[in-house]
Amino acid sequence: MEKKQIPGVIVGKIMNMGGMLQRQSNKMLQPYKLNHQQFAIFFEITKAGKVKQKEMVNRLLLEKSHVSKVVKKLHKMGLIAISETEDRRSFWLAPTEQGEEVVAQCSKMFGEWHKEWIGDIEDDDLLTIVSCLTKLQSAFKNNSM
């Protein structure tokens, strides 16, 4: 393989893996009436504890309208609470008790799935993979802004 082909191969493999991971996580999230991207937003809200909606848009690099739509759905499902901030153009988002329970259940389910998918990879290799993926993620973020 020529050096100039490597970036395309890397991106192609990441996109392929992303598709596989998204399809599988969508199947796993069906009982919760969530999809992969909705859960990603929900998980970030829960991880933060309390966060402004505008910060979620910046943190996840998603469209404001998409995040707003997902926030409305999560609120309607009773998974998050929405409250006004000092600035009426922004809102606080926080998980409800029900939301925290759902995230805990899903995190356990995803943890088992992750171990199953990568359980055969040696620890040293996993550390190298994490390091390389972190570098790629940083490069993608820097080039997407």
Using atom types as modelled, flag every donor-acceptor pair under 3.5 Å from a side chain in residues 3-14 to any protein atom, sequence neighbours excluded.
from : atom 1 : to : atom 2 : distance (Å)
Q5   : OE1    : E2 : N      : 2.9

Check: L127 main-chain N/O paired with S131 side-chain donor or acceptor under 3.5 Å: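 No: the side chain of S131 does not pair with the backbone of L127.
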N35 backbone acceptor or donor facing Q38 side chain under 3.5 Å: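 Side chain of Q38 to backbone of N35: a pair is present.
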Suppose we screen for side-chain hydrogen bond (donor to acceptor under 3.5 Å, both in side chains). Which residues come up paired with [X], at least two apart in sequence or across chains?
| X | value |
| --- | --- |
| H36 | S25 |
| Q37 | H66 |
| E100 | none |
| T128 | none |

Taking every non-hydrogen atom, the tightest pair across P95 and G49: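 Closest approach of P95 to G49: CD-O, 3.1 Å.
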Minimum heavy-atom distance between H75 and A81, given as atom pair plus value: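 Distance-wise, the nearest heavy atoms are ND1-CA, 4.1 Å.
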With V130 via side-chain contact (heavy atoms from CB on, under 4.5 Å) - residues at least two apart: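 Checked V130 against side-chain contact (heavy atoms from CB on, under 4.5 Å); matches are T134.
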Those residues that, when tested against E84, pass side-chain contact (heavy atoms from CB on, under 4.5 Å) (two or more places apart):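 Listed in chain order: R88, F91.
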K73 NZ: over 12 foreign heavy atoms closer than 6.0 Å: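 For K73, atom NZ is crowded (more than 12 foreign heavy atoms under 6.0 Å).
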Salt bridge (charged side-chain N to carboxylate O under 4.0 Å, His left out) contacts touching residues 32-46 (sequence neighbours left out):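 Sorted result for residues 32-46: E44-K47, E44-R59.
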Side chain proximity check, L21 to W117, heavy atoms < 4.5 angstrom: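 A side-chain contact exists here, since the closest heavy-atom pair is under 4.5 Å.
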Side-chain polar contacts of residues 106-115 - donor-acceptor pairs under 3.5 angstrom, sequence neighbours left out - could you list them?
from : atom 1 : to   : atom 2 : distance (Å)
S107 : OG     : V103 : O      : 2.8
H114 : ND1    : F110 : O      : 3.2

Sequence-distant partners of W92, ring-ring contact (aromatic ring centres under 6.0 Å, His included), two or more places apart: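 Checked W92 against ring-ring contact (aromatic ring centres under 6.0 Å, His included); zero matches.
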K69 side, atom NZ; L62 side, atom CG - distance, nearest 0.5 Å: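 One gets 12.0 Å once the value is rounded to the nearest 0.5 Å.
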